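Taking it in order: structure first as structure tokens, then the write-up.
As the structure is a prediction and not an experimental result, all values here were calculated from the model. Position 1 is the first residue of the sequence, and the numbers go up from there.
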Amino acid sequence: MAQDAISYDKKELTAIKRAFKAMDEQALEEAKKKSNALADFLRGKIITASYGREKAPEVARRIAEGSKVSKSSKLGELSIGYASQRFSGGATTQQLWGGMEFGSKKFSQFPTWNPQGYFIYPTLRANQGELVKQWEQSFSEIVKRFD
């Protein structure tokens, strides 16, 4: 069963950007806290999903556990894969995360190619509706409180 992605049109994104510009420092800090809490929640879900991997579960766990939530983001940004996170063979999570997430037809160390992803993107899709709902609710509360 396919689920439609939740998206904002350009007009809605412009309105959100304008609302952020109109917020004072205290409201922005509150927005950062709420957004980062949602990103941390999602990061935990991705880490949990990585434990269920059949092929190279230790690599998937290391990639997921090495993810970081941007503390300065007002939107709750999650980054995965860094050049500084090295494995004993010299590879980095930046080099391996794509192969572990989507697989490969060419390299046997990765799972079979799957354009839907294995643990990161399925987790994002499964939680997208709830995260957007909670973010919108939090954002509305902040705007009302500081308006």
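Atoms CD1 and CG, from I46 and L78 in turn, are 5.0 Å apart once rounded to the nearest 0.5 Å. Atoms CG and CD, from L42 and Q128 in turn, are 10.5 Å apart once rounded to the nearest 0.5 Å. With values rounded to the nearest 0.5 angstrom, M100 atom CE is found 9.5 Å from Q109 atom CD. Taking NZ from K74 and CD1 from I142, the interatomic distance works out to 12.0 Å, rounded to the nearest 0.5 Å. Note: D40 CG to S67 OG = 9.0 Å, rounded to the nearest 0.5 Å. For the atom pair Q85 CD and R62 CZ, the distance stands at 7.0 Å (nearest 0.5 Å).
Of all the heavy atoms in S35 and G76, the pair that sits closest is CB-N, 3.4 Å. Nearest approach of L96 to A91, heavy atoms of both residues: CD1-CB, 3.8 Å. S73 approaches N36 most closely through the heavy-atom pair O-OD1, 3.9 Å. Across every non-hydrogen atom of K32 and K71, the tightest pair is CD-O, 4.1 Å.
A 4.5 Å side-chain heavy-atom check between K34 and E30 finds at least one atom pair inside the cut-off. Taking the side chain as every heavy atom from C-beta outward, F87 and V59 approach each other to under 4.5 Å. Between P111 and R53, some side-chain heavy-atom pair lies under the 4.5 Å cut-off. Residues Q26 and E29 are not in side-chain contact: their nearest non-hydrogen atoms beyond the backbone lie 4.5 Å or more apart. For the pair V69 and E77, the minimum side-chain heavy-atom distance is 4.5 Å or more. The shortest side-chain heavy-atom distance between I80 and K68 does not fall under the 4.5 Å cut-off. Residues P122 and E101 have side chains in contact (heavy-atom distance under 4.5 Å, counting atoms from C-beta outward).
Partners of W135 by ring pair (Phe, Tyr, Trp, His ring centres under 6.0 Å), not counting sequence neighbours, listed by chain and number: F139. Looking at residues two or more places apart in sequence or on another chain, you find a side chain to side chain contact (heavy atoms under 4.5 Å, CB included) between S79 and Y82. Considering only residues two or more places apart in sequence or on other chains, A37 meets the side chain to side chain contact (heavy atoms under 4.5 Å, CB included) condition with none of them. Scanning for side chain to side chain donor-acceptor pair (under 3.5 Å) contacts around R61 gives an empty result, with sequence neighbours left out. Under the salt bridge (charged side-chain N to carboxylate O under 4.0 Å, His left out) criterion, K45 pairs with no residue, sequence neighbours left out.
E65 and Y51 share a side-chain donor-acceptor pair at under 3.5 Å.
The number of heavy-atom neighbours closer than 6.0 Å to NZ of K11, taken from other residues, nucleotides and ligands shown, is 12 or below. Within a 6.0 Å sphere centred on NZ of K55, other residues, nucleotides and ligands contribute more than 12 heavy atoms.
L131 and I47 are assigned to two separate hydrophobic clusters, defined by single-linkage of ILVMFWY side chains at heavy-atom distances under 4.5 Å.
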side-chain contact (heavy atoms from CB on, under 4.5 Å) for Q137 and E141? Distances and angles first, verdict last. CA-CA 6 Å; Q137 185 178 20; E141 290 172 11; 3.7 Å; yes
Item to complete: Could you walk me through whether T92 and R86 pass the side-chain hydrogen bond (donor to acceptor under 3.5 Å, both in side chains) test, one step at a time?
Response: CA-CA 4 Å; T92 66; R86 295 198 170 280; 5.6 Å; no
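Within the structure, ring pair (Phe, Tyr, Trp, His ring centres under 6.0 Å) pairs that include any residue of residues 102-133 comprise F102-Y121 (at least two apart or interchain).
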